[in-house]
Amino acid sequence: MNYWLIKSEPSVYSLENLKTEKQAIWDGVRNYQARNYLRQMQIDDFAFFYHSNTKVPGIVGLAQVKEAGIADPTQFDPDSPYYDSKSTKDSPRWQTVIVEFVENFPHLISLTTLKQDFTAEELILVKKGNRLSVMPISSEVAQRILKLAKP
DNA sequence: GCCAACGTTGGC
DNA sequence: GCCAACGTTGGC
């Protein structure tokens with residue numbers, strides 16, 4: 001069982017959207033480090049859902065991996081902004097997962113709070129200049145985040 | 001809206 | 001392989 005954190009701009013795709021749709025393919029990630037983490041995700045892993053680029057950025061809830069190691073279909077779609085002409089169906093460059101809504105936390109855990117409670121070593125998210133949209137969370141840190149969410 | 005930090009691209 | 005230029009991310 002692994003824990004992850006996935007970022008999304010709520011104006012693009014929010015946890016509310018996931019709640020409505022129940023499941024979603026986490027497509028459009030075009031960063032190699034983030035993709036490598038997506039490749040490591042396994043069914044039933046949990047992912048904290050983080051809202052970025054918003055008034056109060058922070059963790060808003062939890063999702064769970066339902067399918068792993070899926071080729072991101074947008075890489076083959078010439079009309080998609082995520083189209084990758086160099087990727088082939090025989091060896092797709094971009095893999096991702098399908099996530100399912102688990103829960104909304106009773107209140108948001110703001111980035112400010114996360115910065116106060118975790119060091120950059122514990123949580124890459126709070127490292128200055130961090131831009132990674134998918135990152136691993138140690139189970140110890142995950143438990144502390146859950147405690148913050150539901151004291 | 002600003003801008004620091006970062007990743008990618010492409011010329012050399 | 002280096003690195004300047006550029007585009008993007010994302011907090012503030």
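Below, chain A is the first sequence line, B the second, and so on; all start at residue 1.
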Whole Å only: how far is the CH2 atom of W94(A) from the C1' atom of dT8(B)? 11 Å
Round to a whole Å and report the spacing from NZ of K55(A) to P of dC12(C). 15 Å
Between dG11(C) atom P and L108(A) atom CG, what is the distance in whole Å? 12 Å
Expressed as a whole number of angstroms, how long is the span from L132(A):CG to dA5(B):P? 18 Å
Between dG7(B), dA4(B), dG11(C), spot the one nearest the side chain of Y50(A), thanks. dG11(C)
Side chain of K128(A) only, please: which of dT8(B), dC12(C), dA4(B) is the nearest? dA4(B)
Length of the line joining I124(A):CD1 and dG11(C):C1', which is rounded to integer Å: 18 Å
Rounded to the nearest angstrom, tell me the gap between atom NE2 in H51(A) and atom C1' in dT9(C). 17 Å
CD1 on I137(A) to CZ on R144(A), rounded to 0.5 Å: 11.0 Å
Out of dG7(B), dC12(C), dG10(C), which nucleotide sits closest to the side chain of N31(A)? dG7(B)
What is the distance, to the nearest angstrom, from the CG atom on L125(A) to the P atom on dG10(C)? 10 Å
Do S87(A) and D72(A) come within less than 4.5 Å of each other through their side chains, counting heavy atoms only? no
Shortest non-hydrogen separation from P57(A) to Y50(A) and the atoms involved: CB-OH, 3.5 Å
Quick one: are M135(A) and Q33(A) in side-chain contact, heavy atoms under 4.5 Å? no
For the pair made of CE in M135(A) and C1' in dT9(C), what is the distance, rounded to whole Å? 12 Å
Checking contacts here: which listed nucleotide (dG7(B), dG10(C), dG11(C)) is nearest the side-chain heavy atoms of K7(A)? dG10(C)
Name the nucleic acid region contacted by K115(A), choosing base, sugar-phosphate or nothing; use a 4.0 angstrom heavy-atom cut-off, strictly under. sugar-phosphate
Of N53(A) and N130(A), the one whose nearest nucleotide on DNA chain B sits closer to the 5' end is N53(A)
Close aromatic pair by centroid cut-off 6.0 Å: F49(A) and W4(A): no
